[in-house]
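When a residue number appears, it is its place in the shown sequence, counting from 1. In each ligand, atom 1 is the first atom listed, and ligand 1 is the first ligand listed.
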Amino acid sequence: MEQYAKISCTSRYVPENKVSNQLLSTMMDTSDEWISSRTGIQARNIVTDENTSDLCTKVAEKLLTKSAKKASELDFIIVATMTPDYGTPSVACLVQGNISATKAFAFDISAACSGFVYALSMAEKLIRTGKKLGMVIGGETLSKVIDWDDRTTAVLFGDGAAGVLLEASNEQHFFNEKLQADGQRAKSLTSGYVQNQSPFYKETSESLGYLQMNGRDIYDFSLKDVTKNLSEIVEEDVDYLLLHQANKRIIEKISKKINVPREKFLTNMEHNGNTSAASIPLLLDESVENGVLELGSNQKIVLTGYGGGLTWGSILLTL
Ligand code: ACO
């Protein structure tokens with residue numbers, strides 16, 4: 001019999017340290033008014049002693065507790081992140097070790113703010129081709145790649161992690177998807193450049209390890225390319241849209257452009273900021289917790305990520 005994938009559990013974890021716009025305005029030349037009116041962001045959580053694998057491990061443990069599944073039942077763990085602890089081991093392997101998911105294979109996906117959508121898409125194929133249970137987590141500690149002297153980026157981002165359990169089902173839940181990338185626009189958003197310090201290496205690079213973003217390019221890209229992508233996926237009877245939480249103005253404009261009421265677009269960037277790969281699963285879990293979304297309800301939703309790469313993509317699914 002044909003096997004499909006369904007989201008059976010959601011969870012999230014954000015670091016305790018909450019940083020308000022007011023606090024940032026004591027640290028750099030910015031204001032609550034500027035940040036709120038341009039982005040909709042009012043606060044974000046920033047780690048004080050945790051790394052990405054710590055946040056993701058907390059999410060994995062919560063998923064197991066909530067679902068009453070055993071780590072040994074997991075077939076795979078995928079983590080989407082652009083801020084891994086190391087180049088290797090992957091964050092997914094660190095999580096696998098921490099929770100003793102001995103049967104699971106584990107790997108990371110690097111697709112910036114589209115990471116969770118990319119990872120969920122890959123995971124769905126793994127389940128459809130025979131795996132029974134997997135974990136898909138988006139987790140970031142963006143605070144470690146932010147240039148805290150650059151007010152144009154420092155005010156935008158936050159740390160956090162969230163994820164889902166994906167398991168085999170007799171019924172179809174994933175109905176359509178479109179993942180895209182454009183590496184020719186790669187330089188619009190870069191982060192984590194590692195300078196080669198070998199004695200043999202002749203070149204020095206002007207690239208920096210810090211996150212650097214041409215905000216205007218990304219803004220225009222989201223209104224043009226992300227809108228087009230979304231309009232090819234969205235269906236008339238869709239209940240809610242969960243877009244990457246970068247900027248409230250972008251969401252308001254996309255809502256008008258594709259003619260879908262603003263109330264159908266869920267948001268939480270107000271208290272999380274832009275958490276890149278974590279932003280969509282954070283919104284998903286918060287919306288399940290506050291009762292707007294219900295697993296098993298058959299609500300039809302669209303998940304849309306967009307960001308560095310450039311990458312973007314949407315998935316249409318039912319809960
Ligand atoms: N506080 C106060 N003033 C500021 C700040 C700040 N934090 N940052 C910039 N400014 C100033 C600028 O210096 C500029 O001043 P000037 O006119 O005197 O030169 C003015 O505000 C306007 O700056 P802009 O960059 O033009 O502001 P804009 O309206 O474009 O908003 C923003 C910037 C919010 C970044 C917007 O471009 C945006 O949302 N872009 C999209 C970001 C995004 O969606 N990223 C998602 C992908 S992220 C990922 O993949 C990890």
Ligand 1 atoms nearer than 4.0 angstrom to some heavy atom of Asn247 are 34 (C), 38 (C), 39 (O)
Which bit of Ile250 gets closer than 4.0 Å to ligand 1, counting heavy atoms only: side chain, backbone, both or neither?
side chain
Does a side-chain N-to-carboxylate-O contact under 4.0 Å join Lys228 and Asp225?
no
What are the atoms of ligand 1, with element, lying closer than 4.0 Å to any heavy atom of Val155?
7 (N)
Give a yes or no on whether a salt bridge exists between Lys66 and Asp285, defined as a side-chain N under 4.0 angstrom from a carboxylate O.
yes
Which atoms of ligand 1 sit under 4.0 Å from any heavy atom of Leu189?
47 (C), 48 (S), 49 (C), 50 (O), 51 (C)
Location of contacts on Leu211 toward ligand 1, heavy atoms closer than 4.0 Å
neither
Any idea which atoms of ligand 1 are less than 4.0 Å away from a heavy-atom of Asn274?
46 (C), 48 (S)
At a non-hydrogen distance cut-off of under 4.0 Å, which region of Tyr219 contacts ligand 1 (side chain, backbone, both, or neither)?
both
At under 4.0 Å between heavy atoms, is it the side chain or the backbone of Thr39 that contacts ligand 1, or both, or neither?
side chain
For Arg216, the atoms of ligand 1 under 4.0 Å from one of its heavy atoms are 28 (P), 29 (O), 30 (O), 37 (O)
Ligand 1 contacted by Met28 (non-hydrogen, < 4.0 Å)
no
Given Glu33, Arg38, His244, which has its nearest heavy atom closest to atom 28 (P) of ligand 1?
Arg38
Could you tell me whether Thr152 approaches ligand 1 through its side chain, its backbone, both or neither, with non-hydrogen atoms closer than 4.0 Å?
both
Between Arg128 and Glu124, does any side-chain N to carboxylate O distance fall below 4.0 Å?
yes
Considering only NZ, NE, NH1 and NH2 on the basic side and carboxylate oxygens on the acidic side, decide whether Asp75 and Lys132 come within less than 4.0 Å.
no
Return the option from Leu223, Ile218, Thr275 holding the heavy atom at the smallest distance from atom 46 (C) of ligand 1.
Ile218
For Met213, the ligand 1 atoms whose distance to one of its heavy atoms is below 4.0 Å:
42 (C), 45 (N)
Considering distance alone, does some N or O of Ser31 sit under 3.5 Å from an N or O of ligand 1?
no
Nearest 0.5 angstrom please: Gln212 CD to Asp147 CG, how far?
8.0 Å
For residues Ile46 and Phe157, determine if any side-chain heavy atom of one lies less than 4.5 Å from a side-chain heavy atom of the other.
no
Evaluate Ser276 for polar contact with ligand 1, using N/O atom pairs at a separation under 3.5 Å.
no
Have a look at Trp312, Trp34, Phe157 and point out the one with the heavy atom closest to atom 4 (C) of ligand 1.
Trp34
Donor-acceptor under 3.5 Å (Lys18 side chain, His271 main chain)
yes
From Leu310 atom CG to Ser222 atom OG, the distance as rounded to the nearest 0.5 Å:
10.0 Å
